[in-house]
Trainee: 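Quick one: the structure is below, and I'll ask about it shortly.
For ligands, and for the atoms within them, numbers begin at 1 and follow the listed sequence. Residue numbers start at 1 and run along the sequence shown. All figures in this text were calculated on a predicted structure; none of them were measured in a lab.
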Amino acid sequence: MQINLTGRVALVTGSTRGIGRAIATTLGECGASVAIVGRDKGKADAVAGELGGGALGFACDVSDTAAVASLVADVEGAFGSLDILVNNAGLTRDNIVMRIRDEDWNVVIDTNLRGAFATIRAAARGMMKRRWGRIVNIASVVGLTGNKGQANYAASKAGLIGLTKSVAKELGSRNILVNAVAPGFIETEMTAVLTPDQRKALVGSIPLERLGSPADVAAAVAFLASDHASYITGQVIVVDGGMVM
Ligand code: NDP
């Protein structure tokens, strides 16, 4: 079984590094034209240049809903379509609940959840007209389980799962499929802050006895974006080495 996305246009938010970059690379390898998005235009252009294959870089802070509307219009203008939307941009501001400041709550919700809502709202119009669309939201296992010290982040990811299921129900009749991928612990800058002891304890709780790689997540996204997944919508695919089951 091969995944062929030739002729499809994909937009991946937060694709200047980490999981988003791996997703953009994999979608490009499958034949899609890819829009690389981060807050820094220089970094987005550099990643697009490395990907080749017609990839283009765009600057956008997804927590700015007006900027997101312009981004989608710019991508549709540059590529002539937008078929695959991957909401990957995300950040953490971890603390115990009593110490979470309003600004740390807001930036996490505004980036991880409202950003995804804004891109979906902007991209859905064209997808509905074309009667084809794939939306994949990058959630997290903590959106399913909750996590100490991550009330804001877990709430944003749980919200993303509710958003995924609601939009899947709304847009299914237009052949727009909406799913979430919930990674466990993946080797990126976000998890580079773990101490050796934390890492050891973590690996001990994972049946496959390792952290995941960005490519592990990207493979699930490419499958959901493909025609092989044409009867799957509203689902959360967990990519965590069996940590949560
Ligand atoms: P990184 O911190 O390595 O990368 C985050 C990416 O998002 C960067 O490209 C960054 O680009 C971009 N970004 C951050 N804020 C914004 C914003 N406001 N607007 C646009 N782009 C933004 O994170 P990961 O690769 O580790 O994580 C990617 C996604 O996967 C996140 O949603 C995260 O919550 C999720 N996830 C990660 C896990 C892990 O173990 N790593 C586990 C579970 C889920 P720039 O700084 O250039 O703007």
Trainee: In the protein, which heavy atom is nearest to atom 23 (O) of ligand 1, and how far is it?
Mentor: Met190 CE, 3.8 Å
Trainee: Among all protein heavy atoms, pick out the one at the shortest distance from atom 21 (N) of ligand 1; state its residue, atom name and that distance to 0.1 Å.
Mentor: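 I find the closest protein heavy atom is Ala89 CB, 3.6 Å.
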Trainee: Between Asn95, Asn152, Asp110, which is the residue that forms a side chain to side chain contact (heavy atoms under 4.5 Å, CB included) with Trp105?
Mentor: Asn152
Trainee: Within less than 4.0 angstrom of ligand 1, does Gly184 place any heavy atom?
Mentor: yes
Trainee: For ligand 1 and Thr191, I'd like to know whether there is a polar contact (N/O to N/O, distance under 3.5 Å).
Mentor: no
Trainee: Under 4.0 Å from ligand 1, counting heavy atoms only, is it the side chain of Ala139, its backbone, both or neither?
Mentor: backbone
Trainee: Which residue and non-hydrogen atom of the protein lie closest to atom 11 (O) of ligand 1, and at what distance in Å?
Mentor: Thr16 OG1, 3.0 Å
Trainee: When Val181 is tested against each of Val86, Ile138, Asn137 for side chain to side chain contact (heavy atoms under 4.5 Å, CB included), which residue passes?
Mentor: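 For Val181, the side chain to side chain contact (heavy atoms under 4.5 Å, CB included) check succeeds only for Ile138.
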Trainee: So that I can tick it off, tell me whether Glu50 and Arg21 are bridged by a salt bridge, with the cut-off set at under 4.0 angstrom between side-chain N and carboxylate O.
Mentor: yes
Trainee: Which atom pair, heavy atoms only, marks the closest approach of Ser156 to Asn112?
Mentor: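 Heavy atoms of Ser156 and Asn112 come nearest at OG-ND2, 3.2 Å.
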Trainee: Determine, using heavy atoms of Glu187 and all atoms of ligand 1, whether some pair is separated by less than 4.0 Å.
Mentor: no
Trainee: Provide, to 0.1 Å, the distance between atom 41 (N) of ligand 1 and the closest protein heavy atom, together with that atom's residue and name.
Mentor: Thr188 OG1, 3.0 Å
Trainee: Can you tell me the protein heavy atom closest to atom 2 (O) of ligand 1 and the distance?
Mentor: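 Residue, atom and distance for the closest contact: Arg17 NH2, 3.3 Å.
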Trainee: Check each of Ala67, Gly90, Gly18 against atom 5 (C) of ligand 1 and report the one with the nearest heavy atom.
Mentor: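 Comparing heavy atoms across Ala67, Gly90, Gly18, the nearest one to atom 5 (C) of ligand 1 lies in Gly90.
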Trainee: Which residue and non-hydrogen atom of the protein lie closest to atom 16 (C) of ligand 1, and at what distance in Å?
Mentor: Arg39 NE, 3.5 Å
Trainee: Check whether any N or O atom of Val62, backbone or side chain, sits under 3.5 Å from an N or O atom of ligand 1, and answer yes or no.
Mentor: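 Min N/O separation from ligand 1 is below 3.5 Å for Val62.
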Trainee: For Tyr153, is at least one N or O under 3.5 Å away from an N or O on ligand 1?
Mentor: yes
Trainee: Any nitrogen or oxygen of Ile19 lying under 3.5 Å from a nitrogen or oxygen in ligand 1? Just yes or no.
Mentor: yes
Trainee: Nearest 0.5 angstrom please: Cys60 SG to Arg39 CZ, how far?
Mentor: 10.5 Å
Trainee: Using heavy atoms and a threshold below 4.0 Å, how should the contact between Cys60 and ligand 1 be classified: side chain, backbone, both, or neither?
Mentor: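 It is the backbone that touches ligand 1; the side chain stays farther off.
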Trainee: Counting both backbone and side chain atoms, is some N or O of Gly14 under 3.5 Å from an N or O of ligand 1?
Mentor: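 Yes - when backbone and side-chain N and O of Gly14 are compared with those of ligand 1, one distance drops under 3.5 Å.
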Trainee: My understanding is that only one of Arg134, Arg130, Met127 makes a side chain to side chain contact (heavy atoms under 4.5 Å, CB included) with Asp83; could you say which?
Mentor: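 Checked Arg134, Arg130, Met127 against Asp83; only one passes side chain to side chain contact (heavy atoms under 4.5 Å, CB included): Arg130.
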Trainee: With heavy atoms only and a cut-off of under 4.0 Å, state how Ile186 meets ligand 1: side chain, backbone, both or neither.
Mentor: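 Both of them.
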Trainee: Please report whether ligand 1 has a polar contact with Asn88, defined as an N or O pair separated by less than 3.5 Å (distance criterion only).
Mentor: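 Looking only at distances, the answer is yes, because the N/O contact criterion of under 3.5 Å is met.
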Trainee: Ion pair present between Lys200 and Asp197, side-chain N to carboxylate O less than 4.0 angstrom?
Mentor: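 Not counted as a salt bridge, because no side-chain N and carboxylate O are separated by less than 4.0 Å.
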Trainee: Is the shortest distance from a heavy atom of Thr13 to ligand 1 less than 4.0 Å?
Mentor: no
Trainee: Give yes or no for whether the N/O distance cutoff of 3.5 Å, strictly under, is met between Lys157 and ligand 1.
Mentor: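 Such a contact does occur with ligand 1.
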Trainee: Return yes when Gly115 approaches ligand 1 closer than 4.0 angstrom through a heavy atom, no otherwise.
Mentor: no
Trainee: When you measure from the centre of the six-membered ring of Trp132, is the NZ or CZ of Arg8 closer than 6.0 Å and no more than 45° off the axis?
Mentor: yes
Trainee: Of the protein's non-hydrogen atoms, which lies at the shortest distance from atom 18 (N) of ligand 1, and what is that distance?
Mentor: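 Here the closest protein heavy atom is Asp61 OD1, 2.9 Å.
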Trainee: In chain order, what residues pass the side-chain hydrogen bond (donor to acceptor under 3.5 Å, both in side chains) check against Glu189, with sequence neighbours excluded?
Mentor: Arg17
